[in-house]
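Each ligand, and each atom within it, is numbered from 1 in the order the structure gives. Keep in mind that the numbers below use all heavy atoms, side chains included, and drop hydrogens, waters and symmetry copies. Along the sequence shown, the residues carry numbers beginning at 1.
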Amino acid sequence: MLKGRNLINTDDFSVEEIDEIMALAQDINKSPENFSNSCRGKILGTLFFEPSTRTRLSFESAIHRLGGDCIGFSESQSSSTSKGESLADTIKTVSNYVDVIAMRHPKEGSSNWGSHYSSVPLINSGDGGHQHPTQTLTDMLTIKETKGKFSGLTIGFCGDLKFGRTVHSLTKAMSNYDDNHFVFISPEELQIPEYLKIELDNKKCSYEEAKKLEKVIGQLDILYMTRVQKERFFNEADYIRLKDRYILDNRKLKDAKSDLVILHPLPRVNEIAVEVDDDPRAMYFEQARYGVIARMALILKLLGVE
Ligand code: NCD
């Protein structure tokens, strides 16, 4: 039963519950018109203490496409946080105004903390470098629609695996399915956090770490490219040194499988050359479209309206 629940971490929901959301999302994708009035009279609150384009706008698009409304703010400067209001008070107040909250905050753990003060379901829409579970639903829906399955896949993650919260959430989610192999491609300084490796070991999932994309690209079914997370670096020099370490271009793709699926949570900076956009394997803009549908399905489930 997903009605009334929060979504803070990817593993708050069981495999069965994720599958339930995916099934609903696939129905929405087939016949969106059947859902255009499902949330009439319902209001989504978007509390974004950190900049966002895709996540906030796709939440807003999702509730509008369900016939509901949306209120909120897109930066802490335009909320009472700038007057010194605590996060707890903001959430206690806003949960009187809305039926469900989508919250993004630069601090790890903030959504979990905030959810204790909310009287309505709270959706973590990115908490610092920690997790981003609705991006994971987006990524999974794209995988479902392109590969038709969540198991038996070799999944490469490339770029900033240390600070990239979307990587952390998707790794956790995909490690719950059988026979997936993970290939983590990053410079030494931006490797996947130790706690995730321990989790993979505990679940007996197979994984390897690599430094060169060219060396491993040929074995991948999915390649998840990521941007180096500038805002989480402590010094500019390190960012500049690492930011262009991986650039996916047509030359590198020559060695890739013909049915590779290239994903990216976006925004892209330099890590995928624009020439790749015309390759049929490039799915990242389609992925952004699935983001609206995945969020529509999630909102419907949390509100218990179908
Ligand atoms: C991601 C994020 O905010 O973590 N973007 C998104 O939500 N689509 C990835 C990123 O910012 O690099």
- Item | Nearest neighbour in protein (non-hydrogen) for atom 3 (O) of ligand 1 | Arg165 NH2, 2.9 Å
- Item | N or O pair under 3.5 Å between Arg227 and ligand 1 | yes
- Query: For atom 1 (C) of ligand 1, which candidate among Thr138, Thr166, Val167 holds the nearest heavy atom?
  - Reply: Thr166
- Item | Lys252 atom NZ, neighbour heavy-atom count above 12 within 6.0 Å | yes
- Task: Check the angle between the aromatic planes of Phe157 and Phe182 and answer parallel, tilted or perpendicular using the 30° and 60° thresholds.
- Result: parallel
- Item | SB check Lys257 Asp221 (cutoff 4.0 Å) | yes
- Item | Between Ser169 and Gln135: side-chain donor-acceptor atoms closer than 3.5 Å | no
- Task: Run down the list Leu266, Asp127, Thr53 and name the one with the heavy atom closest to atom 6 (C) of ligand 1.
- Result: Leu266
- Message: Is there a continuous path of hydrophobic side-chain contacts, each under 4.5 Å between heavy atoms, that joins Val183 to Val261?
- Response: no
- Task: Look up atom NZ in Lys230 and atom CG in Asp238, then write down how far apart they are to the nearest 0.5 Å.
- Result: 13.5 Å
- Message: Would Glu50 count as a contact residue for ligand 1, given that I'm defining contact as a non-hydrogen atom of the residue lying under 4.0 Å from a ligand atom?
- Response: no
- Against heavy atoms of Thr55, which atoms of ligand 1 measure under 4.0 Å? 6 (C), 7 (O)
- Task: May I ask you to check whether Glu231 has an N/O atom sitting below 3.5 Å from an N/O atom of ligand 1?
- Result: no
- In terms of atom number and element, which parts of ligand 1 are under 4.0 angstrom from non-hydrogen atoms of Gln135? 6 (C), 7 (O), 8 (N)
- Message: Can a side-chain donor-acceptor contact be found between Ser175 and Lys203 if the only test is distance below 3.5 angstrom?
- Response: yes
- Query: Which atoms of ligand 1 have any heavy atom of Pro267 under 4.0 Å away?
  - Reply: 10 (C), 11 (O)
